[in-house]
Amino acid sequence: MQDLHDETFEEIDCLSCANCCKTTGPLFTNKDIERLAKHLKIKPAAFVDTYLRLDEDNDYVLKQLPCPFLANDNYCLVYDVRPKACAEFPHTNRKKFYQINHLTLKNTAVCPAAFSIVEKMLERIKL
């Protein structure tokens, strides 16, 4: 999977798409919240109040989409301190990739790279 991931990201430029930032939001861990609040020079509680809400699973997610940190040129305004879920998206280079098959299939609807990786995987396993 790592080879498929690397090969695909040599072909696909996320900045030409940014669909993940436009249509889905990451889960924010407490560490994410603290890191982003520090970067923005605000208190974690103010970050939560301004940008986040609790979802049905009691996880912090963005109040609105597209992501408020997505610039018009598809660059992330907080790239160096972005949430862990953003840094790992679309999660196709995990060592135990098989454990998140359901997530990868869901991500194919949002991410051209995830779609391409799944297509390449299917092609390689054909008998």
Side-chain angles (χ1 to χ4, degrees):
M1 286 309 299
Q2 185 67 51
D3 291 342
L4 292 176
H5 176 89
D6 293 344
E7 176 186 317
T8 300
F9 280 96
E10 287 178 17
E11 303 165 356
I12 292 180
D13 176 17
C14 292
L15 292 174
S16 67
C17 176
N19 200 37
C20 53
C21 305
K22 295 172 184 174
T23 64
T24 62
L27 298 180
F28 286 76
T29 66
N30 287 333
K31 284 185 179 183
D32 294 329
I33 293 167
E34 290 172 18
R35 187 176 57 255
L36 283 155
K38 182 178 179 182
H39 176 77
L40 297 171
K41 298 181 173 131
I42 60 176
K43 295 196 179 296
F47 181 85
V48 170
D49 289 344
T50 303
Y51 299 106
L52 305 180
R53 67 177 176 82
L54 284 171
D55 71 3
E56 58 278 355
D57 296 322
N58 219 29
D59 292 317
Y60 280 114
V61 297
L62 290 170
K63 281 184 182 179
Q64 64 182 34
L65 293 170
C67 178
F69 304 111
L70 180 66
N72 290 336
D73 60 2
N74 287 342
Y75 276 88
C76 176
L77 299 174
V78 294
Y79 187 81
D80 291 337
V81 293
R82 69 196 184 278
K84 182 180 180 202
C86 295
E88 294 179 352
F89 191 83
H91 313 285
T92 50
N93 60 344
R94 284 196 181 180
K95 288 186 188 229
K96 295 182 179 180
F97 176 79
Y98 62 89
Q99 292 177 337
I100 58 158
N101 288 339
H102 64 287
L103 180 61
T104 300
L105 290 176
K106 181 179 173 187
N107 289 341
T108 62
V110 173
C111 176
F115 182 84
S116 178
I117 289 165
V118 169
E119 289 287 304
K120 289 175 182 181
M121 181 182 66
L122 292 171
E123 186 62 34
R124 290 187 184 183
I125 62 173
K126 280 186 181 177
L127 301 177

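- Within the model, atoms CE of Met121 and OG1 of Thr8 stand 11.0 Å from one another, a figure rounded to the nearest 0.5 Å.
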- [ ] Could you check Leu77 against Leu70 for side-chain contact (heavy atoms from CB on, under 4.5 Å), going step by step and ending with a plain yes or no?
- [x] CA-CA 6 Å; Leu77 299 174; Leu70 180 66; over 6 Å; no

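- Residue pairs meeting the ring-ring contact (aromatic ring centres under 6.0 Å, His included) criterion with at least one member in residues 62-83, sequence neighbours excluded: Tyr51-Phe69.
- In this view, Glu10 satisfies the salt bridge (Lys or Arg N to Asp or Glu O under 4.0 Å) rule with no residue, not counting sequence neighbours.
- With sequence neighbours excluded, no residue satisfies ring-ring contact (aromatic ring centres under 6.0 Å, His included) with Phe115.
- Residues meeting the side-chain hydrogen bond (donor to acceptor under 3.5 Å, both in side chains) test with Asp49, sequence neighbours left out: none.
- Residues satisfying the salt bridge (Lys or Arg N to Asp or Glu O under 4.0 Å) test with Arg35, not counting sequence neighbours, are Asp32.
- Residue Lys63 qualifies as enclosed at atom NZ: its count of foreign heavy atoms under 6.0 Å is above 12.
- From Asp3, atom CG reaches atom CD1 of Ile117 across 11.5 Å, with rounding to the nearest 0.5 Å.
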Task: Step-by-step side-chain contact (heavy atoms from CB on, under 4.5 Å) determination, Phe89 to Asn107 - done: CA-CA 9 Å; Phe89 191 83; Asn107 289 341; 3.5 Å; yes

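- Leu15 and Val78 fall into different hydrophobic clusters, where Ile, Leu, Val, Met, Phe, Trp and Tyr are joined by side-chain heavy atoms under 4.5 Å apart, directly or via other members.
- The list of salt bridge (Lys or Arg N to Asp or Glu O under 4.0 Å) pairs with a residue in residues 72-85, not counting sequence neighbours, reads Lys84-Glu88.
- Taking the side chain to side chain contact (heavy atoms under 4.5 Å, CB included) definition, one finds that Asp57 meets it with Asp55, Asp59, sequence neighbours left out.
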Report all side-chain donor-acceptor pairs from residues 16-25 shorter than 3.5 Å, counting only partners two or more places apart or in another chain.
{"unit_1": "Ser16", "atom_1": "OG", "unit_2": "Asp13", "atom_2": "O", "d": "2.6"}
{"unit_1": "Asn19", "atom_1": "ND2", "unit_2": "Val110", "atom_2": "O", "d": "2.8"}
{"unit_1": "Lys22", "atom_1": "NZ", "unit_2": "Cys17", "atom_2": "O", "d": "3.1"}
{"unit_1": "Thr23", "atom_1": "OG1", "unit_2": "Asn19", "atom_2": "O", "d": "2.8"}
{"unit_1": "Thr24", "atom_1": "OG1", "unit_2": "Cys20", "atom_2": "O", "d": "2.9"}

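- Side-chain contacts under 4.5 Å among hydrophobic residues (ILVMFWY), followed directly or transitively, place Leu27 together with Val61.
- Residues passing the ring-ring contact (aromatic ring centres under 6.0 Å, His included) test with Tyr60, sequence neighbours excluded: none.
- In this structure Lys38 satisfies the salt bridge (Lys or Arg N to Asp or Glu O under 4.0 Å) test with no other residue, sequence neighbours excluded.
- Every side-chain hydrogen bond (donor to acceptor under 3.5 Å, both in side chains) that Glu7 has, sequence neighbours left out, goes to Lys120, Arg124.
- Counting heavy atoms from C-beta on, the side chains of Pro26 and Leu62 come closer than 4.5 Å.
- The shortest non-hydrogen separation linking Ile12 to Ala113 is CD1-CA, 3.5 Å.
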